[in-house]
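Proteins come first, then strands; the chains are lettered A, B, ... in the order of their sequence lines, and each starts at number 1. All values below were derived from every heavy atom in this structure, side-chain atoms included, with hydrogens, water molecules and symmetry-related copies excluded.
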Number of protein chains: 2
Amino acid sequence: MSKLLIVDDESRIRELIRKYAIFEGHSVDEATDGMQAVRMALQEDYDLIIMDIMMPELDGFSVCREIRKVKNTPIIVLSARGEEYDRIHGFEMGIDDYVVKPFSPKELMLRVNAVIKRAGGGSISKDEFVYEGLSVDFRARIVTIDGQRVDMTPKEYELFFYMVRNRGIALTRENLISKVWGYDFFGDDRTLDTHIKLLRKSLGEYSRLIVTLRGVGYRFETG
Amino acid sequence: MSKLLIVDDESRIRELIRKYAIFEGHSVDEATDGMQAVRMALQEDYDLIIMDIMMPELDGFSVCREIRKVKNTPIIVLSARGEEYDRIHGFEMGIDDYVVKPFSPKELMLRVNAVIKRAGGGSISKDEFVYEGLSVDFRARIVTIDGQRVDMTPKEYELFFYMVRNRGIALTRENLISKVWGYDFFGDDRTLDTHIKLLRKSLGEYSRLIVTLRGVGYRFETG
DNA sequence: AAAAAAATGAGTAAGCTATTGATAGTAGAC
DNA sequence: GTCTACTATCAATAGCTTACTCATTTTTTT
């Protein structure tokens with residue numbers, strides 16, 4: 001049983017999802033626009049947010065960005081076929097999955113459950129990562145080592161955030177650059193190295209968790 | 001019972017395959033275009049993907065390439081008679097089998113079962129290969145022997161991954177070189193031998209799984 | 001059956017590439 | 001205008017790939 005937030009301006013869609021979600025045993029809150037969604041998402045701790053990408057005023061991307069400044073709540077995005085494929089992909093950093101409209105509620109629920117499971121099994125997703133003396137509070141955007149706060153620059157934090165979120169996976173340079181800098185970054189090849197270096201410096205002894213995969217990229221790994 | 005993904009833009013074909021697949025006891029998801037296929041394939045862990053090669057927008061080759069960047073899910077390709085024979089063969093790296101349209105559903109199911117069996121028996125194919133004390137995590141790019149991490153160089157990994165993905169099949173020298181080094185490699189003949197040697201060294205006792213086919217190439221075989 | 005030829009295995013070292021670390025320049029925020 | 005963070009550049013280094021050589025095994029030829 002998990003706590004979901006459904007964000008869509010069409011009541012028909014909200015009802016459809018709510019019906020199925022409740023049938024699956026989840027509890028459901030609803031928001032009808034982006035502003036409301038941000039407010040609710042920050043106020044409450046949801047296990048998952050299901051959100052339409054196309055909404056009047058504040059669209060799904062902006063909502064996602066706002067929430068991600070503070071929280072790590074998993075987000076599934078709904079979009080019309082083909083719509084914004086590139087943007088969704090370029091924005092993948094914050095989106096956990098997306099489903100094309102019109103969708104089958106069954107399929108949506110499969111994904112809902114998959115995302116919740118992946119995020120750590122429901123009942124309030126973790127906004128925190130802890131390994132030995134290292135902890136990352138996604139919500140507060142604070143990294144601490146042995147209780148000591150570590151100051152990170154925005155890029156450092158974003159890079160680290162992305163690596164921690166995708167820990168245990170080999171991340172190629174292209175992947176890291178496109179996800180942290182954006183698919184339209186055409187800067188120097190060595191920029192990533194420089195930031196990895198800075199990040200390692202910030203992480204002190206825990207820099208060992210960032211493993212260099214020569215010729216490939218990097219991997220953040222815990223034990 | 002395995003989990004399949006059927007990708008075809010023609011609903012008639014999807015229905016035909018689904019009917020037979022369900023009759024065989026598999027569960028079935030469907031995608032109607034390449035984009036959706038990639039999304040679904042990356043999101044869910046399918047035991048097998050059955051995909052038409054000719055699709056509007058993103059064709060089967062591109063879909064295969066995208067999926068292969070991340071996952072090792074077996075793929076069977078459907079193609080019209082004679083169509084793209086060479087490309088399919090040249091693309092052997094990612095495709096596990098192919099069936100010519102029009103096909104008999106019975107034959108397709110035979111191949112489906114064969115591929116699933118070959119891939120390790122169904123019920124959620126992992127991005128992991130395990131045999132006795134040897135395991136390969138494709139996503140993390142990690143090889144372990146008896147729980148001990150094995151360090152491999154990029155080329156070693158690539159060669160090994162390719163061989164594991166195509167296990168049980170005789171791989172010619174030309175095939176290995178063109179797939180791992182690229183079709184435009186014009187280096188020394190002995191380069192492959194050298195890397196096989198290094199790989200065997202890394203694999204220790206499991207080097208026995210790499211069988212030399214004199215005058216042909218090599219085969220990675222498990223039991 | 002012996003010799004020759006072909007193919008593969010093994011060791012070594014040179015050359016190359018990717019990554020790191022150090023340093024400096026540049027742009028944006030306040 | 002100053003300060004901070006981001007980006008670029010370059011030299012040094014560690015690590016990887018490749019080529020070369022010679023040994024060994026297998027196959028073919030005579």
**Student:** Round to a whole Å and report the spacing from CG of B/Leu199 to P of C/dG9.
**Tutor:** 12 Å
**Student:** Applying the side-chain contact (heavy atoms from CB on, under 4.5 Å) criterion to B/Arg165, which one of B/Phe160, B/Phe138, B/Phe220 satisfies it?
**Tutor:** B/Phe138
**Student:** Give a yes/no answer on whether the side chain of A/Tyr218 brings an N or O atom under 4.0 Å of OP1 or OP2 in C/dA18.
**Tutor:** no
**Student:** Mind listing the closest non-hydrogen atom pair of A/Ala31 and A/Met40 along with its distance?
**Tutor:** CB-SD, 3.9 Å
**Student:** For A/Arg190 and D/dT7, give me the distance from atom CZ to atom C1', rounded to whole Å.
**Tutor:** 13 Å
**Student:** So, is B/Tyr157 close to the D/dC16 phosphate, meaning a side-chain N or O under 4.0 Å from OP1 or OP2?
**Tutor:** no
**Student:** So for B/Lys201 and C/dA10, does any side-chain atom that can act as donor or acceptor lie under 3.5 Å from a complementary atom in the base?
**Tutor:** no
**Student:** Is A/Thr191 touching bases, backbone alone, or none of the nucleic acid, heavy atoms closer than 4.0 Å?
**Tutor:** sugar-phosphate
**Student:** Using a cut-off of 6.0 Å, state whether more than 12 heavy atoms not belonging to A/Arg149 lie near its atom CZ.
**Tutor:** no
**Student:** On DNA chain C, compare the nucleotides closest to B/Lys197 and B/Arg173; which residue's is nearer the 5' end?
**Tutor:** B/Arg173
**Student:** Hey, is the side chain of B/Thr212 poking within less than 4.0 Å of OP1 or OP2 on C/dG9, counting only N and O atoms?
**Tutor:** yes
**Student:** When you check the phosphate oxygens OP1 and OP2 of C/dT20, does a side-chain N or O of A/Arg200 lie under 4.0 Å from one of them?
**Tutor:** yes
**Student:** Looking at every strand, decide which applies to A/Asp193 at a 4.0 Å heavy-atom threshold: base, sugar-phosphate, or nothing.
**Tutor:** base
**Student:** Could you give the NZ-to-P distance, from A/Lys155 to C/dT26, as a whole number of Å?
**Tutor:** 20 Å
**Student:** Strictly below 4.0 Å: does B/Trp181 bring a side-chain N or O up to OP1 or OP2 of D/dT17?
**Tutor:** no
**Student:** Using a cut-off of strictly less than 4.0 Å, decide whether B/Thr153 has a side-chain nitrogen or oxygen near OP1 or OP2 of D/dT17.
**Tutor:** yes
**Student:** With side chains defined as the heavy atoms from C-beta onward, is the minimum distance between B/Arg200 and B/Thr212 less than 4.5 Å?
**Tutor:** yes
